Amino acid sequence: MSFSDILMQIVETIFATFTDVLPIAAILFGFQFAVIRKPLPNLGKVLIGFLWVLIGLSLFLIGLELALFPLGRLMAKQLTDPAFIAGVESAAQLTGAVQQLAWTDYSWVYIFAFLIGFATTIAEPSLIAVAIKANEVSGGTVGVWGLRLSVALGVAIGISLGCYRIVVGDPIQWYIMAGYVVVVIQTVFAPKLIIPLAYDSGGVTTSTVTVPLVAALGLGLAETVPGRNPLIDGFGLIAFASLFPIMSVMAYAQVSEILTKRAHKS
Amino acid sequence: MQNTVRKLFHFMLSSARDLAPIIAVIVFFQLVVIGQPLPNVGQLLIGVLFVLLGLTFFIHGLEQGLFPIGESMAHAFARKGSVPWLLIFAFCLGFGTTVAEPALIAVAAEAAKVAANGGLIEANQASMDNYAQGLRLSVALSVGIAIALGVFRIIKGWPLQWFIIGGYLLVVIMTMFAPPEIIGIAYDSGGVTTSTITVPLVTALGVGLASSIKGRNPMIDGFGLIALASLTPMIFVMAYGMIRL
């Protein structure tokens with residue numbers, strides 16, 4: 001990519017982010033002045049804050065598009081390449097080898113799914129925002145890192161399980177329904193304070209960083225495995241990525257409750 | 001000024017820590033598993049620098065702009081005491097942030113293509129645009145309703161789990177009847193709606209509201225808006241698929 005291409009991309013991204021933020025700003029300030037009818041405290045500071053958010057988000061997206069996304073997508077493609085998975089060199093052996101693959105032959109795909117799911121979730125800006133808020137509101141009981149790590153672990157498990165599902169070809173509904181049953185049972189036993197936050201963390205994870213890489217992985221895998229439909233199976237991963245954090249966050253709360261109780265007893 | 005610089009530097013260090021895993025994973029797989037050198041190291045470094053600065057500025061702006069305005073508006077509405085205005089505001093916020101969401105526009109166009117290929121709608125540009133437009137509006141409408149409903153829940157103090165479990169039950173039932181082509185897109189649309197700017201804003205609104213209404217606990221009542229906003233699109237998109245076909 002040449003320098004002028006990069007410059008074009010920067011201008012385009014900033015423009016797109018502005019059009020993304022404009023309606024939000026219009027609604028906020030419209031209601032502030034027309035309905036609440038009070039001057040906003042610290043108006044200048046808030047406006048500068050908005051500007052920081054705009055610039056920050058634009059730079060973030062440009063950087064991802066320049067560095068991490070192309071490589072991540074290429075990697076997803078290479079790891080799901082039939083020749084790589086079957087470990088054969090020549091095209092002649094390939095079709096026969098692909099037919100004989102067992103689900104265990106895809107181990108690098110599961111490992112990559114787990115690690116990339118974990119790593120992208122740690123870098124997800126909206127999760128950082130929610131974690132900061134939750135920490136503040138809970139008076140420090142919910143740790144920023146405790147929440148982020150458990151969400152990331154949930155996404156990692158969800159995506160690698162989702163890859164396994166694509167490989168073996170089970171219907172997605174079974175997994176999702178079984179997952180919801182677990183969520184309902186956990187809801188009964190988990191500490192009441194964590195439940196809304198746990199539900200929220202499901203929606204938070206699938207955002208700017210995770211979706212593009214995970215979608216690329218799902219699509220690549222669905223194209224490689226014989227008998228899969230990329231349009232149906234490629235998209236299913238996102239549903240896994242938003243279901244499993246609900247479980248892992250509730251589990252995190254349950255475990256830390258048990259640990260605190262035990263510490264009190266001894 | 002010096003304070004701001006010190007704060008930014010602090011944010012930058014934590015951003016570097018946030019990004020380290022993703023870089024480690026990509027470098028490890030590229031060099032060790034796939035066994036190829038990193039392409040375009042220069043561009044890669046510039047990109048990583050941009051991501052680092054971007055995340056730093058974003059977090060800084062979050063605490064300066066998005067969080068304070070979400071909370072101060074929640075307090076102002078609570079003091080004003082007008083529930084209808086608050087609900088209208090919540091609906092507009094949900095609808096307005098979703099209808100222009102680039103990820104949603106992309107998914108809607110993709111869905112129209114799938115529907116046209118499957119012979120569900122006529123395979124021409126006009127009917128595809130029409131279909132995509134309808135899908136976008138139904139998702140935006142569902143998010144608007146979700147935020148308004150969630151705000152009403154905070155005011156009333158109803159437990160969130162009944163809404164979520166009931167909603168997912170509805171999703172499961174609808175999955176059995178919805179056309180198979182729409183299911184993947186419906187499940188996907190839930191995740192698409194919650195963008196990086198909406199999440200902090202809506203979270204601040206919920207928490208601010210719950211902490212300014214007497215008898216509400218910000219932990220129990222303040223969170224949950226995002227969960228509702230990622231649930232209702234699934235219901236609405238499947239309903240859209242059932243009505244349109």
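Since we're looking at a predicted model, the values are computed, not measured. So you know, we letter chains A, B, ... as the sequences are listed, proteins then strands, and number each from 1.
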Best-contacting candidate, [options], against chain B by heavy atom pairs under 4.5 angstrom:
options                              : result
A/Ala26, A/Ala134, A/Pro70           : A/Ala134
A/Gly202, A/Ala241, A/Ser138         : A/Ser138
A/Leu193, A/Val209, A/Thr17, A/Leu64 : A/Leu193
A/Leu213, A/Ile176, A/Leu79, A/Ile55 : A/Leu79

Parallel, tilted or perpendicular for A/Trp108 and B/Phe28, by the 30°/60° rule?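 Plane angle between 30° and 60°, so tilted.
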
Below 4.5 Å, heavy-atom pairs only: which of [options] has the largest tally toward chain A?
options                              : answer
B/Ile197, B/Leu19, B/Leu53, B/Ile34  : B/Ile34
B/Leu66, B/Val48, B/Leu45            : B/Leu66
B/Ser230, B/Pro200, B/Cys92          : B/Cys92
B/Gln36, B/Gln161, B/Arg79, B/Met234 : B/Gln161

For [X] and [Y], indicate whether the former's side chain and the latter's backbone hold a donor-acceptor pair under 3.5 Å.
X        : Y        : result
B/Asp18  : A/Ala123 : no
B/Gln43  : A/Leu66  : yes
A/Asp200 : B/Phe223 : no

Which pair of non-hydrogen atoms, one from [X] and one from [Y], has the smallest distance, and what is that distance?
X        : Y        : answer
A/Val46  : B/Pro68  : CG2-CB, 4.5 Å
B/Gly54  : A/Leu59  : CA-CB, 3.6 Å
B/Leu55  : A/Pro125 : CD1-CG, 3.9 Å
A/Met177 : B/Val172 : CE-CG1, 3.4 Å
A/Ala119 : B/Val25  : CB-CG2, 4.0 Å
B/Val51  : A/Gly63  : CG2-C, 3.3 Å

Counting only heavy atoms closer than 4.5 Å, note whether [X] contacts chain B via side chain, backbone, both or neither.
X        : result
A/Val183 : neither
A/Phe69  : neither
A/Tyr199 : both
A/Glu124 : neither

Give, as side chain, backbone, both or neither, the part of [X] having an atom under 4.5 angstrom from any heavy atom of chain A.
X        : answer
B/Ser72  : side chain
B/Leu38  : side chain
B/Leu86  : neither
B/Leu201 : side chain
B/Phe89  : both
B/Leu93  : both
B/Val199 : side chain
B/Ile59  : side chain
B/Asn217 : side chain
B/Ile165 : side chain
B/Val33  : both
B/Ile164 : side chain

Taking atom [atom1] of [X] and atom [atom2] of [Y], what is their separation to the nearest 0.5 Å?
X        : Y        : atom1 : atom2 : result
B/Met219 : A/Lys192 : CE    : NZ    : 13.0 Å
A/Leu28  : B/Ile69  : CG    : CD1   : 4.5 Å
B/Leu62  : A/Phe50  : CG    : CZ    : 10.5 Å
B/Gln64  : A/Leu51  : CD    : CG    : 11.0 Å
A/Ile36  : B/Lys80  : CD1   : NZ    : 8.0 Å
B/Ile88  : A/Ile27  : CD1   : CD1   : 13.0 Å

Can you tell me if CZ on A/Phe18 sees more than 12 non-hydrogen neighbours from other groups inside 6.0 Å?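 Count not over threshold, so no.
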
Is the count of non-hydrogen atoms from other residues, nucleotides or ligands lying under 6.0 Å from B/Trp162 atom CH2 greater than 12?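 At most 12 heavy atoms, drawn from other residues, nucleotides or ligands, come within 6.0 Å of this atom.
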
Determine whether A/Ile10 and B/Phe50 satisfy the following criterion, side-chain contact (heavy atoms from CB on, under 4.5 Å), listing intermediate values before the conclusion. CA-CA 11 Å; A/Ile10 291 174; B/Phe50 274 27; 3.8 Å; yes

Would you call A/Lys45 and B/Glu63 a salt bridge, taking side-chain N to carboxylate O under 4.0 Å as the test?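 Looking at B/Glu63 together with A/Lys45, the answer is no, because their closest N to O distance does not fall below 4.0 Å.
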
How about A/Phe112 and B/Phe29: are their ring centroids closer than 6.0 Å?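 Centroid separation for A/Phe112 and B/Phe29: below 6.0 Å.
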
If we only count heavy atoms from C-beta on, is the [X] to [Y] side-chain gap below 4.5 Å?
X        : Y       : answer
B/Leu8   : A/Trp52 : yes
A/Ile132 : B/Phe67 : yes
A/Pro23  : B/Thr97 : no
A/Phe31  : B/Trp85 : yes

Would B/Phe77 and A/Val35 count as a side-chain contact (heavy atoms from CB on, under 4.5 Å) here? Give the steps. CA-CA 9 Å; B/Phe77 271 116; A/Val35 180; 4.0 Å; yes

